[in-house]
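Structure, as structure tokens:
Note on naming: letters A, B, ... go to the chains in the order of the sequence lines (proteins, then strands), and numbering restarts at 1 for each one. Just so it is clear, the structure is predicted and the values come from calculations on it, not from any experiment.
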Protein chains: 2
Amino acid sequence: MKITIKDVATEAGVSIATVSRVLNKKNRVKQETKLRVQQAIHKLNFQPDHTARSMIMKETRTVGLIVPNLSNEYWALLAEVIQDKLWEHGYSLIVCSTNKSADKEMAFVKSFTVRRVDGVVFGSSTLFGSSRHDEQLANMLKSLPTVSIDPSISGLNSVVGDNLQGATDAVEHLIGLGHRRIAYIGGPTVSKQRELGYRNAMMNHELPVLEELIKRGDDNTIAFSSFGYHSMLSLLESGEKFTAVFCGNDLIAIGAIRALEDRRIQVPADISVIGYDDINIAALYKPSLTTVRQPMREMGSAAVDMLLELIQCPDGNNVPKKIVYQNQLVQRESSGPAR
Amino acid sequence: MKITIKDVATEAGVSIATVSRVLNKKNRVKQETKLRVQQAIHKLNFQPDHTARSMIMKETRTVGLIVPNLSNEYWALLAEVIQDKLWEHGYSLIVCSTNKSADKEMAFVKSFTVRRVDGVVFGSSTLFGSSRHDEQLANMLKSLPTVSIDPSISGLNSVVGDNLQGATDAVEHLIGLGHRRIAYIGGPTVSKQRELGYRNAMMNHELPVLEELIKRGDDNTIAFSSFGYHSMLSLLESGEKFTAVFCGNDLIAIGAIRALEDRRIQVPADISVIGYDDINIAALYKPSLTTVRQPMREMGSAAVDMLLELIQCPDGNNVPKKIVYQNQLVQRESSGPAR
DNA sequence: GTGAAAGCGCTAACAC
DNA sequence: GTGTTAGCGCTTTCAC
């Protein structure tokens with residue numbers, strides 16, 4: 001049988017109200033009774049029921065997190081940072097990974113409302129369109145204190161990385177190195193902003209954007225690295241000339257490099273390759289990857305700050321904010337001067 | 001104002017009990033009233049309060065997970081698998097990462113009891129000794145339906161990988177390739193079983209275990225890859241001869257390979273390297289890593305099965321079980337015949 | 001300072 | 001079939 005506040009009250013010879021008072025250290029209790037109660041608590045090893053408390057206080061001290069998956073380092077790190085910071089403020093984190101299923105996404109949010117979480121952090125790479133489904137999801141999200149990471153959903157607070165700028169910088173770095181024919185391998189579920197950055201840089205320098213040099217793919221189930229591998233192969237086989245390739249993320253870049261090596265093409269001597277995200281392995285890979293860093297720790301931390309503020313003053317001004325983090329080019333071995 | 005069961009009852013012109021009945025589809029309700037209630041629920045967009053329900057039902061449909069960290073692919077994958085499977089059974093997952101802090105570990109478990117989670121999955125690489133602290137932790141864990149992953153704590157159900165056997169196989173593979181002087185780089189927080197496997201294989205073949213060829217390290221804060229890098233450097237500088245090295249995990253192996261490459265030593269032509277875990281990058285790395293695979297998906301899935309059983313029949317036979325998964329050697333490019 | 005009592009939103013007897 | 005009522009374990013007025 002679980003120990004309740006009643007047992008403690010009996011043990012200490014006081015009323016449950018008094019026990020509650022020492023538990024919440026709000027109203028002052030006579031030092032002597034307080035001590036008696038504390039002893040009783042200790043003796044019975046009483047743990048106040050969080051569930052009952054939640055019901056009255058109308059707060060669960062729980063927040064929900066939605067991410068596409070955890071096997072992606074990017075999201076795993078985010079989850080870790082968020083959990084860590086939330087914990088410092090007394091909150092627990094329910095983590096949900098969608099595996100890119102829109103249905104699950106919806107079901108998770110629904111479960112968050114039912115569970116009365118105090119807030120939610122929404123990270124998702126499913127492209128937010130204006131479909132019936134997305135609209136419905138956005139509405140559910142809006143009824144909860146929510147901050148969105150990465151997709152910036154109109155009407156919601158969000159923290160995002162400047163993918164457009166990061167991608168532009170990456171491609172301009174390539175152009176600065178003398179490259180003119182630059183390919184782009186985007187991959188499924190990669191931010192459209194990155195492709196846009198590629199186009200932006202090319203246009204800025206009046207370089208033609210050749211659709212033959214662009215690979216996108218839409219198969220969610222394929223691993224990024226193998227997508228990169230096969231895209232590179234098909235690029236090579238197309239016969240189109242190019243001296244550099246900008247990839248939608250690091251895993252794609254690694255796959256692409258593998259394909260080049262298999263064909264005895266040197267990186268960066270023959271072809272330069274750039275990735276995105278700066279995952280752990282980027283610095284360790286051989287050749288180490290030139291890439292663009294998303295400041296995940298900062299983004300996660302900022303998201304928590306925003307969320308906590310939303311939770312604490314629900315009536316605060318509700319003009320949605322967006323925090324945009326700069327993405328930084330990290331030059332390493334995989335990019336070099338054009339032949 | 002939140003919509004409650006009362007509002008629905010009023011709207012539908014029935015009592016709250018009837019609403020509850022259609023909600024729980026237990027006792028049968030007249031088709032007609034049921035319809036009226038459902039319409040009211042829909043119209044008011046009523047979401048039954050999970051918190052209130054939990055209090056009565058004495059179950060929160062929540063389980064807690066403790067892992068050292070999420071930035072480690074190994075644990076991230078585990079968390080993902082567990083969350084996924086739990087969700088299918090209607091449970092949510094609270095994820096906590098300890099960053100190897102014993103204090104946090106304890107605090108998390110305490111919060112789990114307070115939050116009345118229905119069960120906990122405990123994964124931790126902190127070596128379980130018999131210290132005062134560990135004993136206390138084990139006791140708290142035992143008061144909850146718990147299954148432990150990796151450390152097998154006496155008195156708890158657990159699912160583990162056979163690190164001893166996996167490591168033995170790896171080193172015997174090296175020995176089979178003609179290697180005689182084999183080094184071991186263990187790293188902080190790496191399962192002791194792996195070192196034991198190394199020693200086991202050496203002994204099986206009557207090969208001397210040279211302490212000079214063993215690197216362990218105890219600095220929790222250092223990244224595995226850089227630990228591998230520096231350990232390899234120090235091994236090289238020690239002047240001791242060796243033709244192969246078995247590493248405590250893949251990241252350490254990658255660090256070690258980087259060090260060898262920096263010294264213009266070829267892998268595997270000059271020195272063979274083996275890792276452990278078979279993380280994603282292992283197959284992608286150049287050279288691809290010979291390693292030992294821990295079947296994380298299976299382990300996570302088994303843990304959930306065990307936990308669910310524990311939760312569903314708390315009075316079941318309580319002889320703790322342990323499921324041991326074989327670890328499989330995966331031969332790739334980084335190991336080859338001894339010179 | 002402290003206790004009695006009224007709920008929080010729901011489920012589960014127990015009547016009718 | 002459906003309504004009434006008594007809680008679940010706590011916090012919080014409101015008296016004293």
Legend entry - Heavy-atom side-chain proximity of B:Ile94 to B:Phe108 below 4.5 angstrom: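 Not in contact.
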Inset, instruction - For B:Met55 and for B:Lys26, locate the closest nucleotide of DNA chain C by heavy-atom distance; then report the residue assigned to the nucleotide nearer the 5' terminus. - result: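 Whichever sits nearer the 5' end wins; that is B:Met55.
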When you measure from the side chain of [X] to the backbone of [Y], do you find a donor-acceptor pair of N or O atoms at a distance under 3.5 Å?
X: B:Thr98; Y: B:Lys104; answer: no
X: A:Asp49; Y: A:Thr51; answer: yes
X: B:Asn163; Y: B:Gly161; answer: yes

Inset, instruction - For A:Asn27 and for A:Lys2, locate the closest nucleotide of DNA chain D by heavy-atom distance; then report the residue assigned to the nucleotide nearer the 5' terminus. - result: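 The residue whose closest nucleotide sits nearer the 5' end is A:Lys2.
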Legend entry - Which residue lies more 5' along DNA chain D, comparing B:Arg28 with B:Arg116 via nearest heavy atoms: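 Whichever sits nearer the 5' end wins; that is B:Arg28.
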Nearest-Å distance, [atom1] ([X]) to [atom2] ([N])?
X: A:Asp7; N: D:dG9; atom1: CG; atom2: P; value: 9 Å
X: A:Ile16; N: D:dC8; atom1: CD1; atom2: P; value: 11 Å
X: A:Ile3; N: D:dC8; atom1: CD1; atom2: P; value: 15 Å
X: A:Ile5; N: C:dA4; atom1: CD1; atom2: C1'; value: 14 Å
X: A:Leu35; N: C:dG1; atom1: CG; atom2: C1'; value: 16 Å
X: A:Ile56; N: C:dC10; atom1: CD1; atom2: P; value: 15 Å
X: B:Leu23; N: C:dG9; atom1: CG; atom2: P; value: 15 Å
X: B:Lys6; N: C:dG7; atom1: NZ; atom2: P; value: 9 Å

Inset, instruction - Would you please name every residue forming a ring pair (Phe, Tyr, Trp, His ring centres under 6.0 Å) with A:Tyr74, sequence neighbours left out? - result: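 A:Tyr74 satisfies ring pair (Phe, Tyr, Trp, His ring centres under 6.0 Å) with no residue once adjacent residues are dropped.
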Are any of [X]'s side-chain N or O atoms less than 4.0 Å away from OP1 or OP2 of [N]?
X: B:Arg53; N: C:dC10; answer: no
X: B:Ser15; N: D:dG3; answer: yes
X: B:Lys58; N: D:dG9; answer: yes
X: A:Ser20; N: D:dT11; answer: yes
X: A:Asn24; N: D:dT11; answer: yes

Inset, instruction - Between D:dG3, C:dG3, C:dC10, spot the one nearest the side chain of A:Ala17, thanks. - result: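 Between D:dG3, C:dG3, C:dC10, the one nearest the side chain of A:Ala17 would be C:dG3.
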Inset, instruction - Would you mind telling me which of C:dT2, D:dT12, C:dT11 lies closest to the side-chain atoms of A:Met57? - result: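 Closest of the options to the side chain of A:Met57: D:dT12.
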Inset, instruction - Would you indicate what A:Thr18 reaches in the nucleic acid, counting non-hydrogen atoms under 4.0 angstrom: base, sugar-phosphate, or nothing? - result: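 Since only primed, P, OP1 and OP2 atoms lie under 4.0 Å of A:Thr18, the category is sugar-phosphate.
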Inset, instruction - Describe the nucleic acid contact of B:Thr51 in one word from base, sugar-phosphate, nothing, applying a heavy-atom distance below 4.0 Å. - result: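 Result for B:Thr51 = nothing.
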Legend entry - Neighbour count above 12 (heavy atom, 6.0 Å) for A:Glu309 CD: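 Open.
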Legend entry - base_contact_polar (C:dG3 base, A:Arg21 side chain, donor-acceptor, <3.5 Å):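 Donor-acceptor pair under 3.5 Å: yes.
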